[in-house]
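Worksheet: the structure to be examined is printed underneath.
Letters A, B, ... mirror the listed sequences (proteins, then strands); counts begin at 1. Since this is a predicted model, take the numbers as computed values, not measurements.
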Number of protein chains: 2
Amino acid sequence: MERITRVSSRAPAVAPTLADVAERAGVSRQTVSNAVNNPDLLRGDTLARVQEAILELGYVPNRAARNLRTRASHLIGLRMSPVQEGTANAAMDRFVHSLVWTSREAGYHVLLFSGEGPDPLEGYDDLMRSTAVDAFVVTDTYLGNPQAAWLRERRAPFVAFGRPWDDDGAKHPWVDVDGAAGTELATTHLLDKGHTRIAWIGWRKDSFIGEDRRAGWSRALRERGHATTGLASRVEDTVWSGREASAVLLDEARPSAFVCASDTLAMGVLHTLAERGLHPGHDIAVVGFDDSQVAQVVHPGLTSVRQPLEEVAIAVVRSLEDLLATPSQVGEGLLLTPTLTVRGSS
Amino acid sequence: MERITRVSSRAPAVAPTLADVAERAGVSRQTVSNAVNNPDLLRGDTLARVQEAILELGYVPNRAARNLRTRASHLIGLRMSPVQEGTANAAMDRFVHSLVWTSREAGYHVLLFSGEGPDPLEGYDDLMRSTAVDAFVVTDTYLGNPQAAWLRERRAPFVAFGRPWDDDGAKHPWVDVDGAAGTELATTHLLDKGHTRIAWIGWRKDSFIGEDRRAGWSRALRERGHATTGLASRVEDTVWSGREASAVLLDEARPSAFVCASDTLAMGVLHTLAERGLHPGHDIAVVGFDDSQVAQVVHPGLTSVRQPLEEVAIAVVRSLEDLLATPSQVGEGLLLTPTLTVRGSS
DNA sequence: TTGAAAGCGCTAACAA
DNA sequence: TTGTTAGCGCTTTCAA
């Protein structure tokens, strides 16, 4: 039983405006505006009368008009990079979910746009200049932050998910996950399990993120006095590369465990193990990175470093709010720590 | 070397307006507006002069003002359902990518929003009444279309990705993928490989989509005169359920192949096979549904039915354009055919 | 082919 | 505490 009577649930042909509400409540338009945006300013009975009129008419402020007047859209722009088929990479999608969720609570919506091609700047310009969004969340910082300088120069508010790797003096706010801490966690976990020869399969050297994650692996091994020599491989982020690299490492370095820069590479390791009749978690331990769906559903479960994307989203939105409230403020950086989800593969 | 001189690439402190351009070009504001929206109306030299001024000033029309005036936002609303951890389901994310891409070409952006809870209507109302979006794309039709009737009653333009299963008389436009055709394709593929005892693992009976996909399996078997009795199982969409169901079926019905309603369930089958030392594609064939990343990267590759989500997005956007151009028009339905991506598991 | 007037719905600034 | 005035930047309508 619906108790509340929604008078206008049938949606009137034409949407009511402030003026309609004002007339109905017997007040001025400004008073209605205040009732919506600054209810504290009204006297109790006036507020009640206006709110009743609002309810009766089913009034909802027109966004375009409000945007025009306040010069704000309450929209956050996010560029979506194309899906990568054949990989396990879906961190971006998980992040989008978290961001949408968190933004809503802050009164923002997420506007998705796509760059035409490889140019990461494509698409930002138009949205910014047409005042379609209030700010951007920049995620594709894997090769440094070409966008950061560019957006900064154009005075576009933005928060980056990802460190300004190549620019220590960067003054924009950012949030990132400590990849090295993640792989260190993974490596220590394996060391605790008794493994000593732990191999690394990561990305090519020009990847900042890849080098960061690799550092966690080597740090953990060195701290416990174990060797890293000959145990590392740097390849492309594909299943095939992970398979090849692990095959070579198994033959030449005889590791008992693998730590990988991504779940995609870890899946490659699982391929090699399957081909050789080896059982992950039993014969050889494997740890991936990103706690993708793949890690969650593959047999016997892939242990993986999980980025706290929900927290990232919260921090990003908070940062965005600060930024929009105080545009001149110097941005801060925040580094979050990932966790390790242990499954059958280790 | 940048050849084109972007005079205002440094972004002026305050964005230029129509009036600024008009003054610079020595014409009226209206003429500038026409230069942007109806260039055909201008004489060649006037147009050139105005365009030059636009370029020099770096003028981009203000979206809020335009939206207010034209009562259109060129935004498409899409509700994101929460991520399902522990499953392989990511069709939604792939679809979002395609939709963003396709929308851009049609001059639209995608606005993401999230429902608060299980109520699929939550969130639509506010966006619609505040004229934040021009239309919606409705995707969560797995339990019929409660949104359809609701949105229709409120005169909200929308296109559904998913059939109006429970309402033959539905008059809204929709695009869907023929699930039965997909599983029929999968089953026929297995029959061609020599399998005759092909089991089905699908969803509970109250799932329209699940029953549709199941129909393709049984149709293919019946057409070739093979049995279906005792070969089907209906469970929840989890890896665990798929594992359990396949274990029972293997013991009781001795199938040589499995067709599943989802990659998640298919992964469950792979678990059972791994536990029994059976090799997918060699001892037992397995086919999933959705061609998820999981299917793509798992060893030895999971054969899976692939929904043509790019085509779906194109059809949805086209439908949306028709709808917005001719609001009164009766919506049509379009059923697309999936393909089968064959991998090692079959 | 171009221009002038009007107003979309809202809120900031100020006045009562 | 409430109301009045003005105008955000644009496009529709109509006149020149």
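- Nearest-nucleotide positions on DNA chain D for A/D45 and A/R29 put A/D45 closer to the 5' end.
- Listed candidates were C/dC10, D/dT11, D/dG9. Nearest to the side chain of B/R66 is D/dT11.
- For the pair A/Y124 and A/F158, the minimum side-chain heavy-atom distance is 4.5 Å or more.
- How far CE of A/M92 is from CG of B/D93: 10.5 Å, rounded to the nearest 0.5 Å.
- An OP1 or OP2 oxygen of C/dT2 is reached within less than 4.0 angstrom by no side-chain nitrogen or oxygen of B/T31.
- Within 4.0 Å (heavy atoms only), A/N37 reaches sugar-phosphate atoms of the nucleic acid but no base atom.
- Rounded to whole angstrom, the span from the NE2 atom of A/H74 across to the P atom of C/dC10 amounts to 15 Å.
- Spacing between atom CZ of A/R43 and atom C1' of D/dT2 amounts to 9 Å, rounded to whole angstrom units.
- Atom CD in A/E23 sits roughly 14 Å away from atom P in D/dG3 (whole-Å rounding).
- Each of A/V36 and B/R69 lies near DNA chain C, and the nucleotide nearest B/R69 is the one positioned closer to the 5' end.
- Sequence order on DNA chain C of the closest nucleotides to B/L68 and B/S28 puts B/S28 first from the 5' end.
- Listed nucleotides C/dG9, C/dA5, C/dT2 differ in distance to B/T46; the shortest reach to its side chain belongs to C/dT2.
- Environment of CD in B/E332: sparse, with no more than 12 heavy atoms of neighbouring residues, nucleotides or ligands closer than 6.0 Å.
- From B/L47, atom CG reaches atom CG of B/N38 across 11.0 Å, with rounding to the nearest 0.5 Å.
- Between the CZ atom of A/R71 and the P atom of C/dA13 there is a distance of 12 Å, given to the nearest Å.
- Regarding A/L41, its CG atom lies at a distance of 13 Å from the C1' atom of D/dG3, rounded to whole Å.
- Remark: A/T70 is not in phosphate contact with C/dT11, judged by side-chain N or O atoms under 4.0 Å from OP1 or OP2.
- Comparing atom distances between the A/Q30 side chain and each of D/dT4, C/dC10, D/dG9 picks out D/dT4 as nearest.
- Rounded to whole angstrom, the span from the CG atom of A/N34 across to the P atom of D/dT1 amounts to 11 Å.
- One can place CG of A/L18 at 10 Å from P of C/dG9, the figure rounded to the nearest angstrom.
- In this structure, B/D40 atom CG and C/dT1 atom C1' are separated by 13 Å, rounded to whole Å.
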